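Everything on this sheet refers to the single structure shown next.
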Amino acid sequence: MRNPNQEQLHKLESMCVQEQPPACMSGCPLHVDGRSLCAAAASDDFDSALDLYRKTVPFPEILSRTCSQICRQSCRRAEAGDAVMMRGLEEAACTFGKPKQKRAFLPKRNHSAAVVGASLSGLTAALELGKKGCRVTVFEKEEEIGGQLRSMNLAAEVLEKDFRMLKDYSITIRCGENVENLDEIAEQFDVVYVAWGVQEAEPIESQSDSYQSAVKKIFAGGYGIRRQQYDTVWEIADGKRAAISMDRFLKQVSIMAGREKEDIYETTLHVNMEGVAESCSKKEPPYTREEAIAEAKRCLDCKCMECVKACAFLQEYKTFPRKYVREVYNNLSIAMGNHHANRVINSCALCGQCAAICPHGLDVGEYTKEARQIMVEHEKMPVSSFEFGLRDLEHANSQELSVLRHQPGMKESHYLFFPGCQIGASAPEIVYRTYEDLCNRLPGGVGLYLGCCGIVADWAGEEILFEKNIESMRENWESMGRPTVITACPTCYRVWKEQIPQAKTEGIWNLLDTWPEFASAVEEHACGEKMSVTVMDACGARNYGEIHEQIRHLLKQMGYELESHKYEGDKSGCCGFGGLMPVSNRELAKKMSASRVEEKDRYYLTYCMNCRDRYTDAGAVSVHLLELFYGEGKEQEHLPPTWSDRQRRRRWLKRKFMKDLWQEEMEGRTEMKLYYSDEIKEKLEERMILEEDMQDVIEQAEASQEKIQDTVENCFIAVRRIGNVCFWVYYRPKEDGYEIVKAYSHRMNFK
């Protein structure tokens, strides 16, 4: 029995780059969060901008006026204009923002530290160690602190404002004291940081990452030891990193563990620059408040979120892959108690669009499907989640609806037409005409196989049921003499290709593309006079580029002009049917359908019947490929079928095939005549109550007389449990049937 795999989780998390820092942050020696600072400044919230800046920068007033802006070398905005002027925004934060008064709670420690040299690097190390509760003594040979800063023409109040922070901690500054013997200082203190300039005593060699010298308790860094050019941002970076090393040394823990990205590094955050307009800074800092806001708004707010932009599911749950896979893992790890993420897990379309869009190929759908399988194995899958869809699968493959026959008059089949259960449930007459044409065109006999490929079981996490369905398909194919399979559904095509690879499989669209005389003979186009269409690629064909090419070549042969869609080909989205979304989350499925056909003035061409129906239901003009060839010119009047229509049309299709081609009358139950309003029809759809369910309830009630008379509604009330569902029907007898007053269902059992 499988369990949540933590190793797999970490692998998937690492593939999602959304939480990676923006380039300005990874390219800054102090890792200032420029993206968040810009967002705060752009919204005129300079208090928050200052708070963000002060969290990273010990001396904000000094650095905001002297920073060399190394981050601008990495800023993505420079690819369309020039980089954001971060120093100006940092200075604006210090000028217009009010610092939050925070009470410092210092840890109690007995450690003492010495800092030799009151340069910016040394003062930074002193401040950082002071914040950690150390007693710090700073030795400076000059009569004032600041070192090289004093030559930068900074206003005295700027230096005073920042250096005032040193008084909040146990930091003693001893000016006019020149340290000549480090060994003596090292004997007096637990740890020492040397931060003197190039003109001072002999240089001290220290490790480039830890700042530790050969004498373990002595660390060294800053201007004059690590670099020859003075730069305030590197001075502060040296002091901060040296302080971390010294603190870890005092605590006797690993000095370098977990510090791999402490220096400048290249982020893996993906930023789509397509469509970004050119923009340049208006002026050099310092800025007025309005100028700072305008400059901050130039920030691109660098994020990946490419999959989220495309996917209504991720948008609905306000999540992105890294966050989502963690939520799924935590949900699967719950041994007892409520599994709050079950609905989220069961709402994904499993379409794979996220993997096609993600720069690292992270497939949320694959992980979600495995989560469903684990839930089924551990009996944590709510019965109500996919039961309706699984009942539909069972019905499509039942003896009542399935067909497996050789072409009339033939004893063998060189081909086997497998249209799939969805097109027959929506447009059965198209299936009938397509099969007739195939029989007329293809030599050697074309067998007919009506049934379902079982993908809904795979979507529902029912691995065993899916495998049984595949094995049944394989046996049926072999019993027909192992013919070439012709599918009319891209999902069925994928299932045959991947699950029964020994079978040669063709798509009906490919055959149509090889019959150019047929395409040119199609005069009545279902899209009307406008000869331009937008191809809506099916997610089932995502990894089959040859299908995309065949469909487009065929349409061009017919004289259509093709309009592109933002998400097409391997990046196409789901129509809202995938993953059994209409069963598990009806409202989200509607949103997903609508998101795909936002431009209502287009004509959308599909080659999946579910796509065609869902886009039509979303208010778009949508036509199926086969309707162009085998339709009657009224396809735009084809309304999406209800759940009950789907069952009824499948029955009609089998009856017509059996009667017209094999001269056999199909036996079956007589359909009850039921009357109900459009309002009730919508309720039945929402509650997934079929007409045959209501017929079962009424037939049992009338036969057993186990029914309740409702004198208020002037009707009868009857109930029957079918599978795991109890159906309640309020009805009135009519001359030739029954009028439905209302109906509902639940999963409570009762006596």
Side-chain angles (χ1 to χ4, degrees), residues 1-3 5 8 328 332 342 345-352 355 363-399 401-402 404 416 418-425 449-479 485 487-503 505 538-544 574 577-585 608-610 646 650 723-724:
M1 182 178 291
R2 281 176 298 179
N3 287 295
N5 188 317
Q8 180 192 20
V328 171
L332 295 176
N342 279 3
I345 293 170
N346 291 336
S347 296
C348 175
L350 311 181
C351 70
D363 193 337
V364 167
E366 277 300 308
Y367 187 64
T368 301
K369 187 172 76 171
E370 185 175 5
R372 293 182 187 179
Q373 293 168 350
I374 292 173
M375 289 165 65
V376 170
E377 287 182 14
H378 290 234
E379 298 182 350
K380 299 295 183 182
M381 175 66 74
V383 175
S384 59
S385 298
F386 301 114
E387 183 178 22
F388 185 84
L390 294 173
R391 283 182 62 201
D392 189 63
L393 163 63
E394 182 181 11
H395 195 231
N397 283 334
S398 67
Q399 188 174 353
L401 300 182
S402 64
L404 184 67
L416 182 64
F418 187 87
C421 61
Q422 303 305 326
I423 189 169
Y449 185 178
L450 296 185
C452 178
C453 68
I455 192 65
V456 293
D458 191 43
W459 288 341
E462 297 281 352
E463 285 184 282
I464 295 176
L465 180 59
F466 182 54
E467 289 168 1
K468 286 182 178 178
N469 199 87
I470 294 300
E471 184 57 33
S472 176
M473 289 168 57
R474 184 182 292 106
E475 291 174 356
N476 288 336
W477 168 69
E478 289 179 343
S479 72
V485 177
T487 70
C489 166
T491 299
C492 293
Y493 178 87
R494 177 168 65 87
V495 170
W496 277 96
K497 279 279 191 182
E498 295 177 5
Q499 302 299 324
I500 312 178
Q502 59 269 42
T505 304
C539 56
R542 182 172 316 286
N543 299 319
Y544 295 92
C574 180
F577 192 87
L580 283 176
M581 190 183 284
V583 174
S584 62
N585 195 328
C608 165
M609 189 55 75
N610 277 327
R646 291 160 64 87
R650 286 172 182 158
N724 295 295

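As the structure is a computational prediction, the values presented were derived from the model and not from experiment. When a residue number appears, it is its place in the shown sequence, counting from 1.
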At what distance, to the nearest 0.5 angstrom, does [atom1] of [X] lie from [atom2] of [Y]?
| X | Y | atom1 | atom2 | answer |
| --- | --- | --- | --- | --- |
| K369 | C348 | NZ | SG | 11.0 Å |
| T491 | F577 | OG1 | CZ | 9.5 Å |
| S472 | E467 | OG | CD | 13.5 Å |
| I464 | E377 | CD1 | CD | 7.5 Å |

Check: [Y] main-chain N/O paired with [X] side-chain donor or acceptor under 3.5 Å:
| X | Y | value |
| --- | --- | --- |
| N397 | C452 | yes |
| R474 | I500 | no |
| N469 | L465 | no |

Within 6.0 angstrom of Q399 CD, more than 12 heavy atoms from elsewhere: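 No, CD of Q399 has 12 or fewer neighbouring heavy atoms, counting only those of other groups under 6.0 Å.
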Within-4.5 Å side-chain heavy-atom neighbours: [X] and [Y]:
| X | Y | result |
| --- | --- | --- |
| P382 | N342 | yes |
| E463 | V376 | no |
| P490 | Y544 | no |
| C453 | M473 | yes |

What are the two closest non-hydrogen atoms of [X] and [Y], and how far apart are they?
| X | Y | answer |
| --- | --- | --- |
| A371 | I345 | CB-CG2, 4.1 Å |
| N610 | Q422 | ND2-CG, 3.2 Å |
| A457 | L390 | CA-CD2, 3.9 Å |
| F466 | G454 | CD1-O, 3.1 Å |
| G579 | W459 | N-CD2, 3.3 Å |
| W477 | V485 | CD1-CG2, 3.8 Å |

Could you go through the side chain to side chain contact (heavy atoms under 4.5 Å, CB included) check for E462 and M381 one step at a time? CA-CA 10 Å; E462 297 281 352; M381 175 66 74; 5.8 Å; no
Would you mind checking if D392 and R650 are paired as a salt bridge, meaning a charged N to carboxylate O distance below 4.0 Å? yes
Check this for me, if you would: do K468 and E471 make a salt bridge, where the nitrogen-to-carboxylate-oxygen distance has to be below 4.0 angstrom? no
Could you walk me through whether N346 and F386 satisfy the side chain to side chain contact (heavy atoms under 4.5 Å, CB included) test, starting with their C-alpha distance in whole Å, then the side-chain angles of each, then the deciding distance to 0.1 Å, before giving a yes or no? CA-CA 9 Å; N346 291 336; F386 301 114; 3.4 Å; yes
Between D458 and Q373, does the side chain to side chain contact (heavy atoms under 4.5 Å, CB included) criterion hold? Intermediate values first, please. CA-CA 9 Å; D458 191 43; Q373 293 168 350; 4.3 Å; yes
Option passing side chain to side chain contact (heavy atoms under 4.5 Å, CB included) with L350 (candidates E366, M581, R372):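 Single side chain to side chain contact (heavy atoms under 4.5 Å, CB included) partner of L350 among E366, M581, R372: R372.
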For Q499 and R494: C-alpha separation, side-chain torsions, deciding distance, then whether side chain to side chain donor-acceptor pair (under 3.5 Å) applies. CA-CA 8 Å; Q499 302 299 324; R494 177 168 65 87; over 6 Å; no
Listed by chain and number, what are the side chain to side chain donor-acceptor pair (under 3.5 Å) partners of T487, not counting sequence neighbours? none
